[in-house]
Amino acid sequence: MIRLSVNVDKVATLRQSRGGDEPDPVAAAVMCENAGADGITVHLRGDRRHIQERDVRLLREVVHTELNLEMAATEEMLRFALEVRPDQCTLVPERTEELTTEDGLDVLAVREELPGYIRRLKEAGIRVSIFSRLDPEQIEAAAEVGADRVELFTGPYAHARPGEEQEREFGRLLEAAELAGKLGLGLNAGHDLNLRNLPRVATLPGLLEVSIGHALISYAVFVGLERAVKEYLRALGR
Ligand code: PXP
């Protein structure tokens, strides 16, 4: 069974655009869980552009499935995660100028610092996933630094032109998934997934979880969260 973790950042983006308290990402999370979602994801960014610390604390109280906190591997975020204790932390690169996360983390560049960082999260009972680039050396480095899982960056596949380019990008995902399996890493996937590209991504061997935000929340604007979540579950073969 592939778990669906719904990223509710975009609900907070809408709220922040008016500075009030609507729409509430915590209420969205409850609706997603009631519709069958297996988890809730939020990204607490350094610039706090959408999700706020208070949201994560409230979500920790309210979410009954799994709370996945995406975060940059900084000391500030480590302290916060150790206090709030999400079920999973996904380590991501972060740039203030970016509209959204643009690539997986360059694990090779931080291979000295990450083992201690990851150990502290794991000692607190938090599962650690690394939002990973697809190169074999990056996946191997994720295993070496002690991650439990890697989240494969599905953006390039999602944006590839149908035909040769798409096949090449899917081949890269497949090889990365197989390597993760051989190394004993659990497998997540995410970014730019939608109802069209999800069924094929769901065939990746060993896939445990997908994290989906933008397309699902955009669709929910028209059909409602409950129906959107149910259709995404169906696209996962559920
Ligand atoms: N996974 C990671 C690591 C992300 O940073 C994001 C975007 O916040 C997602 C998944 C979800 O991507 P999307 O909003 O395109 O579904």
Side-chain angles (χ1 to χ4, degrees), residues 2-14 16 25 28-29 32 37-52 55-56 59 66-74 77 81 86-107 127-134 138-139 142 147-160 169 173 176 180 185-199 201-202 204 207-221 225 228-229 231-233 235-236:
I2 302 168
R3 298 171 69 102
L4 170 65
S5 185
V6 178
N7 179 319
V8 295
D9 292 350
K10 280 282 143 68
V11 178
T13 301
L14 195 54
Q16 298 306 106
C32 289
D38 309 288
I40 300 298
T41 293
V42 285
H43 184 175
L44 183 64
R45 298 187 75 105
D47 61 14
R48 306 291 192 270
R49 67 173 75 156
H50 40 52
I51 290 293
Q52 308 296 308
D55 297 321
V56 189
L59 284 166
E66 280 206 351
L67 180 62
N68 174 37
L69 176 64
E70 290 177 8
M71 61 187 220
T74 61
M77 285 310 306
D87 299 285
Q88 175 174 271
C89 281
T90 300
L91 304 181
V92 300
E94 218 173 86
R95 287 197 314 121
T96 316
E97 322 82 73
E98 69 192 357
L99 287 176
T100 181
T101 318
E102 291 167 341
D103 200 356
L105 187 69
D106 183 357
V107 185
R127 189 170 71 227
V128 180
S129 178
I130 294 182
F131 186 50
S132 177
R133 298 183 180 184
L134 304 186
Q138 293 283 344
I139 312 264
D148 298 295
R149 295 188 183 185
V150 282
E151 177 180 329
L152 300 184
F153 177 36
T154 47
Y157 169 67
H159 291 293
E169 290 301 336
L173 283 173
L185 287 164
L187 193 71
N188 295 345
H191 227 284
D192 301 295
L193 294 176
N194 58 36
L195 286 173
R196 290 178 302 283
N197 57 33
L198 189 56
V201 167
L204 289 173
L207 185 61
L208 297 170
E209 179 179 301
V210 287
S211 139
I212 307 182
H214 183 81
L216 190 156
I217 301 295
S218 302
Y219 188 47
V221 170
L225 260 181
V229 167
E231 288 194 34
Y232 272 79
L233 286 169
L236 284 170

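Start at 1 and go down the list; that is how both ligands and their atoms are numbered.
With contacts defined as side-chain heavy-atom distances shorter than 4.5 Å, the pair Arg45/His50 qualifies. Side-chain contact between Leu225 and Leu216 is present, with at least one heavy-atom pair separated by less than 4.5 Å.
Side-chain atoms of Glu231 never come within 3.5 Å of backbone atoms of Leu195 as a donor-acceptor pair (strictly under, hydrogens ignored). A distance-only check finds no donor-acceptor pair linking the side chain of Asn197 to the backbone of Ala158 [under 3.5 Å].
Residue His214 has at least one N or O atom closer than 3.5 Å to an N or O atom of ligand 1. At a 3.5 angstrom cut-off on N or O pairs, Gly213 counts as close to ligand 1. Of the N or O atoms in His43, none lie within a sub-3.5 Å distance of an N or O in ligand 1.
Not counting sequence neighbours, the partners of Tyr157 by the ring pair (Phe, Tyr, Trp, His ring centres under 6.0 Å) test are Phe170.
Within ligand 1, the atoms closer than 4.0 Å to a non-hydrogen atom of Val92 are 3 (C), numbered from 1 in the order shown.
At the shortest separation from atom 12 (O) of ligand 1 among protein heavy atoms lies His191 CA, 3.4 Å. Nearest protein heavy-atom neighbour of atom 11 (C) of ligand 1: Ser211 O, 3.9 Å. The single protein non-hydrogen atom nearest to atom 15 (O) of ligand 1 is Asp192 N, 2.8 Å, given as residue, atom name and distance.
In this structure, Arg127 CZ and Gln88 CD are separated by 4.0 Å, a value rounded to the nearest 0.5 Å.
At a heavy-atom cutoff of 4.0 Å, ligand 1 is contacted by no atom of Lys10, backbone or side chain.
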